[in-house]
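Remarks on the structure that follows.
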Amino acid sequence: MLVVMAPSLTTPQDVADALDGVGYLPDRGVATAAFLALRMSRPLFLEGDPGVGKTALAQALAQVTEATLVRLQCYEGIDASQALYDWDFPRQVLHLRAAGDTPDTAALEASLYDRRFLVARPILQALEQTPSVLLIDEIDRADDEFEAFLLEVLADNAVTIPELGTIRAETPPLVVLTSNRTREVHDALKRRCLYHWVEHPSVEREVEIVRRHVPDVAEQLAREVAAAVSALRTADLLKPPGIAEAIDWARALHVLGARRLDSDGAADTLGAAVKYHEDELRVRRDVLPDLLAKLA
Ligand SMILES: Nc1ncnc2c1ncn2[C@@H]1O[C@H](COP(=O)(O)OP(=O)(O)OP(=O)(O)O)[C@@H](O)[C@H]1O
Ligand SMILES: [Mg+2]
């Protein structure tokens with residue numbers, strides 16, 4: 001029988017409410033995708049621009065399902081031994097030394113592959129510590145071989161360690177993969193997953209997100225910051241601001257005592273929203289004057 005996580009979340013709206021309860025404000029598309037991933041026990045593949053809340057969604061899902069969050073951060077060159085398990089070589093050597101000269105070399109060799117010398121990496125941890133949410137973050141940074149390896153693991157929800165046997169998850173982890181789309185992930189991997197493109201939030205939603213993260217912020221300031229970052233996202237910057245930048249910008253202005261976004265305040269704190277010098281120059285020269293005129 002298929003064991004599903006969080007059986008009490010019976011509609012997408014339940015998932016939306018639960019996520020809201022832990023401070024993550026999803027739109028309808030995100031809540032539905034998360035609901036289906038839970039109900040259908042399928043991995044959820046989240047793609048979207050930096051800072052739209054992909055990683056935070058996996059964290060929030062772990063909270064609402066009361067599951068352990070296990071994060072596998074991908075990077076160039078990552079391989080199975082960093083994702084699955086490894087043997088603790090220094091401890092094995094110590095064990096060998098402590099054993100001294102023993103005639104039974106076969107037994108000694110077998111004892112080297114005892115569970116206590118196994119180092120569980122994130123995927124094995126997620127299979128053992130169920131219920132769990134396994135966040136495979138930024139899969140686009142890993143290479144093709146690693147994707148092929150993930151395909152196998154996702155298909156089985158089990159790992160076979162030749163020296164120890166097969167370890168199978170009691171409840172399959174909820175797997176969330178994220179990508180910033182720095183390269184296309186193969187269709188074979190996507191096919192196993194429910195795919196969802198995470199959009200930037202609407203201005204109204206971003207106002208709410210900012211207010212959740214900076215509770216005492218003036219409402220007008222939150223509105224103007226949300227409107228400003230939304231405009232900056234269409235300004236063709238090297239690095240358009242994500243939600244984290246919106247939160248930071250509002251917080252910086254709030255800390256300085258601002259209740260509105262005015263030209264001095266915006267100029268003084270622009271570094272919270274824009275992270276490249278070229279972008280900063282362009283925004284100051286071409287974008288801010290118009291933007292602030294509209295807000296005034
Ligand atoms: N819907 C949301 N509700 C509340 N907070 C959010 C939401 N979306 C994003 N955030 C907040 O915005 C910040 C950035 O989100 P996150 O790091 O998850 O983005 P990301 O898509 O993973 O970015 P990257 O691609 O750069 O890793 C976090 O502080 C997160 O808490
Ligand atoms: Mg992320």
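Just the heavy atoms: all of them, side chains too, but no hydrogens, waters or symmetry mates, feed the values below. Whatever order the structure lists ligands and atoms in, that order sets their numbers, starting from 1.
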Query raised in the report: Counting N and O atoms only, with roles assigned by atom type, does the side chain of Arg282 sit under 3.5 Å from a partner on the main chain of Asp236, one being a donor and the other an acceptor?
Result: yes

Query - Spacing of CG belonging to Leu36 relative to OG belonging to Ser41, to within rounding of 0.5 Å - result: 11.5 Å

Query raised in the report: Under 4.0 Å from ligand 1, counting heavy atoms only, is it the side chain of Thr55, its backbone, both or neither?
Result: both

Query raised in the report: Should we count OH of Tyr276 as having more than 12 external heavy atoms under 6.0 Å?
Result: no

Query raised in the report: Could a heavy atom of His213 be found less than 4.0 Å from some atom of ligand 1?
Result: yes

Requested in this report: For Leu57 and Val30, work out which heavy atoms get closest and say how close.
Outcome: CD2-CG1, 3.6 Å

Query raised in the report: Between Val52 and ligand 1, does any nitrogen or oxygen pair lie at a separation below 3.5 Å?
Result: yes

Report task. Give the residue, atom name and distance (to 0.1 Å) of the protein heavy atom nearest atom 7 (C) of ligand 1. Result -> Tyr24 CE1, 3.6 Å

Query raised in the report: Looking at Glu184 and Lys190, does any basic side-chain N land under 4.0 Å from a carboxylate oxygen?
Result: yes

Requested in this report: Return yes if a side-chain donor-acceptor contact under 3.5 Å exists between His200 and Asp49, otherwise no.
Outcome: yes

Query raised in the report: Gly242: heavy atom below 4.0 Å from ligand 1, yes or no?
Result: no

Report summary line: atom 14 (C) of ligand 1 sits nearest the protein heavy atom Ala244 CB, 3.9 Å

**Report entry** Arg212 with Asp20: basic N within carboxylate O range, under 4.0 Å
**Finding:** yes

Query raised in the report: Is there a donor-acceptor pair under 3.5 Å between the side chain of Arg223 and the backbone N or O of Glu204?
Result: no

Query raised in the report: Contact between Gly51 and ligand 1, counting heavy atoms under 4.0 Å?
Result: yes

Query raised in the report: Could an N or O of ligand 1 be found under 3.5 Å from any N or O of Ala56, whether backbone or side chain?
Result: yes

Query raised in the report: Hey, looking at atom 12 (O) of ligand 1, which of Thr178, Val22, Asp137, Ile243 has the closest heavy atom?
Result: Ile243

**Report entry** Leu57-ligand 1 polar pair, N/O distance under 3.5 Å
**Finding:** no

**Report entry** Residue, atom name and distance, where the atom is the protein heavy atom closest to atom 4 (C) of ligand 1
**Finding:** Gly23 O, 3.2 Å

Requested in this report: Please determine, by modelled atom types, if Tyr24 and Gln63 share a side-chain donor-acceptor pair under 3.5 angstrom.
Outcome: no

Report summary line: Among non-hydrogen protein atoms, atom 1 (N) of ligand 1 lies closest to Leu25 O, 2.8 Å

Requested in this report: With heavy atoms under 4.0 Å as the rule, classify the contact between Gln59 and ligand 1 as side chain, backbone, both or neither.
Outcome: neither

Report summary line: Honestly, for Glu138 the part within reach of ligand 1 (heavy atoms, under 4.0 Å) is side chain

Query raised in the report: Is it true that a side-chain atom of Asp140 and a backbone atom of Asn180 form a donor plus acceptor pair closer than 3.5 Å?
Result: yes

**Report entry** Protein contact to atom 25 (O) of ligand 1 [nearest heavy atom, distance to 0.1 Å]
**Finding:** Asn180 OD1, 2.6 Å

Query raised in the report: Are any N, O or S atoms from Thr55 nearer to the Mg ion (ligand 2) than 2.8 Å?
Result: yes

**Report entry** Heavy atom of the protein closest to atom 19 (O) of ligand 1 (residue, atom name, distance)
**Finding:** Gly53 N, 3.1 Å

Requested in this report: Report yes if Ile209 has an N/O atom closer than 3.5 Å to an N/O atom of ligand 1; otherwise report no.
Outcome: no

Query raised in the report: Does the pair Glu208/Arg211 count as a salt bridge with the N-to-O cut at 4.0 Å?
Result: yes

